[in-house]
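Comments concern the structure below.
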Amino acid sequence: PVAAGRKSARIELPAEIPGGRNFLDLRLVGPDGSLDWATLTITQPPSAKIFSLTTSSDRIKLGEDISATVRIEARANCTLTAGLYDNYGRLLDRKTERIPGSGETERTFSFSSAGAASHLARIQCHVEDERGVVQDRSEAEVFVLQKRVWDDFDIVMYLFGPNPMPGIWP
């Protein structure tokens, strides 16, 4: 509560604020409802940051392994998780590793592309702090070379004739 006639108020924030951009919404409420409001942004450096995610190649044959190198900076203990997904969002392979909060480091993971049903796959990685809050994320794409079949192509229908209007079918 703010006493009548006061022109300022002091707000105590928690000791630990999550890394990234945080929003503090303030609202001044009187007997008849809201009188005024304000929003303040507070930016905290994340406890871990991904600098780069690079793959050993931009294309692989179906069933081959692909390796990815993640360069991160960890100011506190964290968990790095990386996974290979096909273009339909199916998880093909996943790796997780604990990273000590000791500064800048690199980790290389190898993923199997076996079971990919699409011609494009992506490696997605994220780093979480000890509370499980995602601090940063990154992704890289890789082509999966495999034999194409007619079902890989969308159907295209052309309307020819005297009345080529949508919705009117013979």
Side-chain angles (χ1 to χ4, degrees), residues 1-59 66-113 115-144 154 166-167:
V2 178
R6 297 247 354 231
K7 294 185 180 186
S8 65
R10 183 175 173 85
I11 299 171
E12 295 287 330
L13 297 177
E16 287 189 33
I17 297 175
R21 183 174 294 152
N22 298 276
F23 296 93
L24 177 62
D25 290 324
L26 304 171
R27 193 170 61 157
L28 182 61
V29 180
D32 296 328
S34 291
L35 301 173
D36 204 357
W37 61 271
T39 298
L40 176 69
T41 60
I42 301 168
T43 303
Q44 285 289 102
S47 59
K49 180 168 178 49
I50 297 173
F51 287 117
S52 66
L53 170 62
T54 55
T55 58
S56 57
S57 176
D58 66 345
R59 66 196 68 165
I66 180 80
S67 64
T69 301
V70 183
R71 189 168 65 88
I72 70 168
E73 179 184 30
R75 297 186 303 116
N77 294 340
C78 59
T79 303
L80 177 64
T81 303
L84 177 66
Y85 297 82
D86 71 6
N87 212 28
Y88 297 110
R90 290 180 291 215
L91 177 64
L92 303 173
D93 200 358
R94 174 182 278 165
K95 309 287 190 224
T96 301
E97 188 173 333
R98 297 277 303 148
I99 307 291
S102 58
E104 202 170 312
T105 186
E106 250 184 28
R107 294 293 191 270
T108 300
F109 300 107
S110 183
F111 303 100
S112 171
S113 67
S118 63
H119 298 280
L120 182 67
R122 63 181 42 90
I123 296 171
Q124 295 177 340
C125 70
H126 66 270
V127 62
E128 298 175 355
D129 64 14
E130 290 183 321
R131 297 170 297 167
V133 177
V134 174
Q135 296 295 303
D136 203 1
R137 66 184 72 228
S138 185
E139 74 176 46
E141 294 178 339
V142 60
F143 289 102
V144 180
D154 291 330

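It should be emphasised that the depicted structure is a prediction, and the values quoted were computed from it without experimental measurement.
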Heavy-atom side-chain proximity of [X] to [Y] below 4.5 angstrom:
X      : Y      : result
Ile66  : Ser56  : yes
Arg71  : Glu104 : yes
Ile123 : Phe109 : no
Asp136 : Ile72  : no
His119 : Asn87  : no
Leu26  : Leu40  : no

If only atom types and distance count, is the side chain of [X] paired as donor or acceptor with the main-chain N or O of [Y] below 3.5 Å?
X      : Y      : result
Thr55  : Ser57  : yes
Gln135 : Ser47  : yes
Asn77  : Gly101 : yes

How close do [X] and [Y] get, counting heavy atoms only, and between which atoms?
X      : Y      : value
Val134 : Glu128 : CG2-CG, 4.0 Å
Ser113 : Leu84  : CA-CD2, 4.0 Å
Ala117 : Tyr88  : O-CE1, 3.6 Å
Val127 : Ala48  : CG2-CB, 3.6 Å
Ala68  : Phe111 : CB-CE1, 4.1 Å
Gly115 : Asp86  : O-OD2, 4.5 Å

Next on the checklist: Take a 6.0 Å sphere around CZ of Arg90 and say whether it holds more than 12 heavy atoms from other residues, nucleotides or ligands.
Outcome noted: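 Yes, because the 6.0 Å sphere around CZ of Arg90 holds more than 12 heavy atoms from other groups.
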
Item to check | Whether over 12 other heavy atoms sit under 6.0 Å from Phe143 CZ | outcome: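 No, the 6.0 Å shell around CZ holds no more than 12 heavy atoms from other groups.
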
Interatomic spacing from [atom1] in [X] to [atom2] in [Y] - rounded to 0.5 Å:
X      : Y      : atom1 : atom2 : result
Asp93  : Ser110 : CG    : OG    : 7.5 Å
Leu53  : Arg137 : CG    : CZ    : 13.0 Å
Leu80  : Ile99  : CG    : CD1   : 5.0 Å
Glu139 : Ile50  : CD    : CD1   : 11.0 Å
Phe23  : Thr41  : CZ    : OG1   : 6.5 Å
Ile17  : Ile42  : CD1   : CD1   : 4.5 Å

Item to check | side chain to side chain donor-acceptor pair (under 3.5 Å) evaluation trace for Thr96 with Arg94 | outcome: CA-CA 7 Å; Thr96 301; Arg94 174 182 278 165; 5.4 Å; no

Checklist entry - Out of Glu97, Arg98, His126, Glu130, which residue meets the side chain to side chain donor-acceptor pair (under 3.5 Å) rule with Thr79? => result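 The single option meeting the side chain to side chain donor-acceptor pair (under 3.5 Å) with Thr79 is Arg98.
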
Next on the checklist: With a 4.0 Å cut-off on N to O distance, would you call Arg75 and Glu73 a salt bridge?
Outcome noted: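 Salt bridge between Arg75 and Glu73, a charged N being under 4.0 Å from a carboxylate O: no.
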
